[in-house]
Q: 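Can you read through this structure? Questions will come right after.
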Amino acid sequence: MTVNSDQFYSRLPVNRIPLSELLTEDHLFYKIPEDWHVIVTDIKGSTAVVQGGQHETVNLIATGSIVAVLNISFKANITVPFFFGGDGATFIIPPSIKEAAIKALLLYKKNTQESFDIHLRIGTVAVNDIYAAGHTLRVSKFNSSGNFHIPVILGNGLNYAERLIKGEDYLLPGDLPADEEVDLSGMQCRWDKIKPPESNYEVVSLIVVATKPEEQATAFQKVITHIDAIYGAPEKRQPISIPQLRLKTTFSELGLELIARFGRKRLSDLVKSWLTTFLGYIYFRTRQGKSYLTRLVEMSDTLVIDGKINTVITGTEAQRLQLIQHLNQLEEAGKIYYAFYVSKESVMSCYVRDYKQEHIHFVDGSEGGYTKAAGVLKLKIVHLSH
């Protein structure tokens, strides 16, 4: 296996042009290598789990699956594109780390089942098979703010992989390793629910899919242009702001993160985590701590483009109504399907390898924003496409 393929994503140039421009620059998107693999993790029946009040647990489990895979890719010195979806995650990885990633996720799935009685589906599809089935998968790196860049995917290859993996007859090959522990170091869920920066603002979790794969770039470009025009630059619609960050303080609030990481057995870790959080109050008042918080806002993952648009934005009700008007027009013209969920707060789970550069923060609307929007979207597509 050539090193070349392993470093495919690492070597891609980072584009610093506005997203609405990037989407129409076809030459800035690169075909994913045929020997790579797509891995999808997804909570089975997540809508029911969210309705049962376990929306924070759902976000946390999705984050844990990302941490499990990123810890493996980091050790192998390989950068991979990944996408947070509220109730699961998607990765595109080279063959050299596929086995280790699946093994870690199978262990994590077992932990999740034992600790929360929640069923995490895991599946993998070869990129080669996605192409053979007539689907496309192209990626570009987009600089969304400061030093933070995200992968942008065009094509419906990930959607196809997800449909296969969620199908009834899909079986994941591979046995569970005996008594190993999954490495979830860096996984954190220290922040309480986060109110929007302004008191009259709401939090919108929005999902948009294009109806025709070949017109996806143009449809997405129109949606992003409307969001920019109505809500302003990305930093203006960013739901996370430093003044609204509050650390969780109670054992029960911190307990979720630790159960996800270690199962229910390790009380000593709970005490340690509680102490770390207590010390966090002091740390975040230091100069270093303050600069970490600035970067935290910068490195909050509020936009995911993985063949569909998933984004969490904040603004006024009037702005949302204006956006919906435009989205309705695009939907009526047969260009897109969309759905959204409005909440009063956002929730954030984090992967912190170090407090300087290596951290990323996954954002969803509270009450399971993405999951609820996805539920509405599913029904809408069935209704409108018949």
Side-chain angles (χ1 to χ4, degrees), residues 9 38-43 46 49-50 55-74 79-93 101 104-105 108 112 118 120-123 139 141-142 144-145 148-153 158-159 161-162 165-166 184 186-189 191 194 203-209 234 238-240 256-257 260 296-313 340-341 343 346-353 358-374 377:
Y9 185 66
V38 170
I39 295 179
V40 175
T41 71
D42 158 73
I43 290 172
S46 57
V49 178
V50 162
H55 38 87
E56 284 196 58
T57 310
V58 163
N59 277 157
L60 194 63
I61 291 168
T63 300
S65 67
I66 293 178
V67 172
V69 174
L70 291 191
N71 279 340
I72 285 162
S73 74
F74 179 70
T79 320
V80 300
F82 60 92
F83 310 89
F84 172 74
D87 63 350
T90 303
F91 312 86
I92 312 173
I93 63 166
L105 287 170
Y108 183 60
T112 302
I118 288 175
L120 183 70
R121 263 188 295 220
I122 293 157
V139 66
K141 258 188 200 166
F142 168 63
S144 59
S145 68
F148 186 50
H149 55 75
I150 59 166
V152 173
I153 291 279
L158 294 183
N159 185 27
E162 203 175 297
I165 288 161
K166 289 181 180 181
L184 292 176
M187 177 170 164
Q188 288 184 3
C189 191
W191 302 103
I194 302 152
V203 175
V204 179
S205 306
L206 172 71
I207 306 179
V208 182
V209 295
Q238 162 67 269
I240 310 299
L256 271 187
E257 171 200 330
L296 177 151
V297 173
E298 197 179 279
M299 299 172 94
S300 292
D301 200 8
T302 54
L303 172 71
V304 175
I305 300 186
D306 59 353
K308 57 185 182 301
I309 297 173
N310 283 22
T311 188
V312 182
I313 50 184
F340 64 92
Y341 182 77
S343 45
S346 43
V347 289
M348 181 166 68
S349 41
C350 313
Y351 175 45
V352 181
R353 254 203 313 265
E358 299 286 337
H359 50 94
I360 181 166
H361 310 272
F362 305 103
V363 180
D364 194 356
S366 65
E367 297 142 37
Y370 276 149
T371 303
K372 286 192 172 155
L377 187 62

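Throughout, residue positions are numbered sequentially from 1 according to the sequence presented. What you see below is based on every heavy atom in this structure, not just the backbone, and it leaves out hydrogens, waters and symmetry mates.
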Q: So, for M348 and L296, which heavy atoms are closest and what is the spacing to 0.1 Å?
A: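 Here M348 and L296 meet closest at CE-CD2, 3.6 Å.
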Q: Could you tell me which non-hydrogen atom of A89 sits nearest to which non-hydrogen atom of A62, and how far apart they are?
A: CB-O, 4.3 Å
Q: Could you tell me which non-hydrogen atom of S346 sits nearest to which non-hydrogen atom of V363, and how far apart they are?
A: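 Distance-wise, the nearest heavy atoms are CB-CG1, 4.0 Å.
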Q: Going through the distances and angles, do V38 and E162 end up as a side-chain contact (heavy atoms from CB on, under 4.5 Å)?
A: CA-CA 9 Å; V38 170; E162 203 175 297; over 6 Å; no
Q: Going by salt bridge (Lys or Arg N to Asp or Glu O under 4.0 Å), name the residues that satisfy it together with D306, two or more places apart in sequence or in a different chain.
A: K308
Q: Is any side-chain heavy atom of I309 closer than 4.5 Å to a side-chain heavy atom of L206?
A: no
Q: Would you say the side-chain atoms of Y9 pair up with the backbone N or O of K141, donor to acceptor, closer than 3.5 Å?
A: no
Q: Which heavy atom in I93 sits nearest to a heavy atom in A101, and how many Å separate them?
A: CD1-CB, 4.0 Å
Q: Determine whether T302 and I313 make a side-chain contact, defined as any pair of heavy atoms from C-beta on separated by less than 4.5 Å.
A: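 In short, these two side chains do not touch, never coming nearer than 4.5 Å.
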Q: Using side-chain contact (heavy atoms from CB on, under 4.5 Å), reason through D42 and I165 one step at a time and then give a plain yes or no.
A: CA-CA 9 Å; D42 158 73; I165 288 161; over 6 Å; no
Q: As a quick check of understanding, evaluate side-chain contact (heavy atoms from CB on, under 4.5 Å) for I150 and F83, giving each step before the final call.
A: CA-CA 9 Å; I150 59 166; F83 310 89; over 6 Å; no
Q: Would a 4.5 Å heavy-atom cut-off, applied to side chains only, mark V67 and Y108 as touching?
A: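 Of all side-chain heavy-atom pairs linking Y108 with V67, none is under 4.5 Å.
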Q: Not counting sequence neighbours, which residues clear side chain to side chain donor-acceptor pair (under 3.5 Å) with Q238? List them please.
A: none
Q: Do the side chain of S205 and the main chain of D364 share a donor and acceptor less than 3.5 angstrom apart?
A: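 Judged by distance alone, no pair lies under 3.5 Å.
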Q: Pick one: which of Y370, F84, W191 meets ring pair (Phe, Tyr, Trp, His ring centres under 6.0 Å) with F362?
A: F84
Q: So, using salt bridge (Lys or Arg N to Asp or Glu O under 4.0 Å) as the criterion, who are the partners of K372 when residues are at least two apart?
A: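 Result, salt bridge (Lys or Arg N to Asp or Glu O under 4.0 Å) vs K372: none returned.
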Q: For a side-chain contact (heavy atoms from CB on, under 4.5 Å) with I92, tell me which candidate from I39, V139, I153, V80 qualifies.
A: I153
Q: Side-chain contact, heavy-atom cut-off 4.5 Å: T41 with V69?
A: no
Q: Does N59 use its side chain to pair, donor to acceptor, with the backbone of G86 at less than 3.5 Å?
A: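 The answer is yes, because a donor-acceptor pair under 3.5 Å joins these two groups.
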Q: Over all heavy atoms of both residues, which pair between A68 and L105 is shortest? Give the atoms and the distance, please.
A: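 So the two residues come closest at CB-CD2, 4.4 Å.
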Q: Flag the pair D301 / F148 as yes when at least one side-chain heavy-atom distance between them is below 4.5 Å, and no otherwise.
A: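 Yes; the side chains approach each other to less than 4.5 Å.
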Q: Any donor and acceptor pair, going by atom type alone, linking the side chain of S73 with main-chain N or O of T79 inside 3.5 Å?
A: no
Q: Using a distance-only test with no angle check, is there a side-chain donor-acceptor pair under 3.5 angstrom linking N71 and Y351?
A: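 Short answer, yes.
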Q: If you define the side chain from C-beta out and look only at heavy atoms, does anything of H361 sit under 4.5 Å from I240?
A: no
